[in-house]
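Structure record follows, encoded as structure tokens.
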2 protein chains.
Amino acid sequence: MSKIKEKSTNNQNRKFLSNCDMTYAVEVIGGRWKILILVNLANGPLRYSELKRKIEKVTERMLTLQLREMESDGIVKRTVFAEVPPRVEYEITPIGEKLVPICLQLSDWGTLHRETTKNSL
Amino acid sequence: MSKIKEKSTNNQNRKFLSNCDMTYAVEVIGGRWKILILVNLANGPLRYSELKRKIEKVTERMLTLQLREMESDGIVKRTVFAEVPPRVEYEITPIGEKLVPICLQLSDWGTLHRETTKNSL
DNA sequence: CTCATTACGTACATTTTTGTATGTATCACA
DNA sequence: TGTGATACATACAAAAATGTACGTAATGAG
């Protein structure tokens, strides 16, 4: 906003102003099941049915939908094996990996927040 | 899940299993306008109309709704001054502050992700 | 021949989120 | 007396997300 010469807080402000990337990131992980999927894949690839079992409450439809979105967002990779019965494996992509530590921080924050607010609210 | 003695990767798994906190955190920041509000408040308190001006596309209704939710989630504080015309200021709470750096990381990730995928997708 | 398994697809219903439009109280100022 | 500013509220509508129920192809096991 301010035109040209400014120092110290300017880097911060830059980031604040490029908020689209932030909103964008939240959209990418914002689905009801996406971060659960992400962290479940953090230990290595899993097939569809394994994911289904790990995330008990998700329906097949939702699991499929979220995986497809994550795939087209480039954070998971889908591999089909030509077998019968079918076998499909999902794994995190390198850029998806970079989300994992952030998710863990969110988890920590969530824990902290719960502990904090259970006393005050 | 596994009952008792396990070492190395166990801490990781613990975190992964406490995924509720993660989901919870995503819900807290998941509203369409919440992180924008958050980072706009990161430099100090703002009044309603100032927020409105900074986040141009938000409607008054949405701004109010999101602020109310953030208030009841304990990440922003609302202060009413008994003046006419009315004056209401919003500021981040200490625990809300702790979300800011995480949001910035998300922003960075978003930037990176865009740069990466614009070539490959 | 029948049944189970796997990884989905599809139609439809419900819920949640977001948006649009309009109204309101108070007071200062012209 | 009329107008503008502020920080909302409220009714209604549209859109997006999520859920429910059921179907499907291929094949090996019994």
Side-chain angles (χ1 to χ4, degrees), chain A residues 19-20 22-41 44-73 75-92, chain B residues 19-20 22-41 44-73 75-92:
Chain A
N19 42 39
C20 341
M22 208 168 356
T23 303
Y24 172 73
V26 172
E27 274 168 24
V28 169
I29 62 169
R32 179 82 184 76
W33 307 100
K34 289 185 183 175
I35 52 169
L36 289 180
I37 293 170
L38 202 71
V39 297
N40 270 290
L41 292 179
L46 291 177
R47 49 192 301 193
Y48 182 82
S49 54
E50 291 171 316
L51 271 174
K52 177 77 201 332
R53 255 167 261 139
K54 297 220 177 205
I55 312 175
E56 344 177 288
K57 300 201 182 167
V58 75
T59 64
E60 296 199 337
R61 174 182 139 82
M62 270 304 117
L63 184 55
T64 304
L65 280 180
Q66 304 268 289
L67 282 168
R68 289 293 149 82
E69 286 182 21
M70 295 170 81
E71 194 193 355
S72 78
D73 283 335
I75 62 177
V76 304
K77 182 166 161 255
R78 179 170 179 266
T79 309
V80 185
F81 297 85
E83 304 176 4
V84 169
R87 178 167 164 224
V88 180
E89 279 195 358
Y90 293 91
E91 64 185 310
I92 306 191
Chain B
N19 41 40
C20 342
M22 208 168 356
T23 304
Y24 172 72
V26 171
E27 276 169 23
V28 169
I29 62 169
R32 179 82 184 76
W33 306 101
K34 288 186 182 176
I35 52 170
L36 289 180
I37 293 172
L38 203 70
V39 297
N40 271 290
L41 292 179
L46 290 176
R47 47 193 300 191
Y48 182 84
S49 54
E50 290 171 317
L51 272 173
K52 177 78 201 328
R53 253 167 264 138
K54 296 221 177 205
I55 311 174
E56 346 177 287
K57 299 201 185 169
V58 76
T59 64
E60 297 199 338
R61 174 181 139 82
M62 269 304 116
L63 185 55
T64 304
L65 280 180
Q66 304 268 287
L67 282 169
R68 288 293 149 83
E69 287 182 20
M70 295 170 82
E71 194 193 355
S72 79
D73 283 335
I75 62 177
V76 304
K77 183 166 161 256
R78 180 170 179 266
T79 309
V80 184
F81 297 86
E83 304 175 6
V84 168
R87 178 168 164 224
V88 180
E89 278 195 1
Y90 294 90
E91 62 184 313
I92 307 192

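Every chain is numbered from 1 and lettered A, B, ... according to where its sequence line falls, protein lines coming before strand lines.
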key: Where protein sits on nucleotides 1-16 of chain D, one letter per nucleotide: B base, S sugar-phosphate only, - none, heavy atoms under 4.0 Å   = ----BBSBSBB-----
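Contact detail for A:Glu60 and A:Tyr48: the closest heavy-atom pair is O-OH, 3.0 Å. When all heavy atoms of B:Leu41 and B:Tyr90 are compared, the pair lying nearest together is CD2-O, 3.4 Å.
Per the geometry, CH2 belonging to B:Trp33 stands 9 Å off P belonging to C:dT18, to the nearest Å. Rounded to whole angstrom, the span from the CD atom of A:Glu71 across to the P atom of C:dA7 amounts to 15 Å. The distance between atom CD1 of B:Ile37 and atom P of C:dT18, rounded to the nearest whole Å, is 11 Å. Atom CZ in A:Phe81 sits roughly 17 Å away from atom C1' in C:dC8 (whole-Å rounding). For A:Leu65 and D:dT20, the CG to C1' distance is 13 Å, given to the nearest whole Å. For the pair A:Ile55 CD1 and D:dG19 P, the interatomic distance rounds to 12 Å; values are reported in whole Å. The interatomic distance linking A:Glu69 (CD) with C:dC8 (P) rounds to 15 Å, in whole Å. Look at CG on A:Leu63: it is 17 Å from P on D:dA17, rounded to the nearest Å.
In this structure, B:Glu91 and B:Thr79 have side chains that are in contact, with non-hydrogen atoms separated by less than 4.5 Å.
Close to D:dA17, at under 4.0 Å from its OP1 or OP2, lies no side-chain N or O of A:Gln66.
Between the NZ atom of B:Lys52 and the OG1 atom of B:Thr64 there is a distance of 10.0 Å, given to the nearest 0.5 Å. Here the CG atom belonging to B:Leu38 is positioned 8.5 Å from the CD1 atom belonging to B:Ile29, to the nearest 0.5 angstrom.
Under the 3.5 Å distance criterion, the side-chain polar atoms of B:Gln66 are matched with a main-chain donor or acceptor of B:Trp33.
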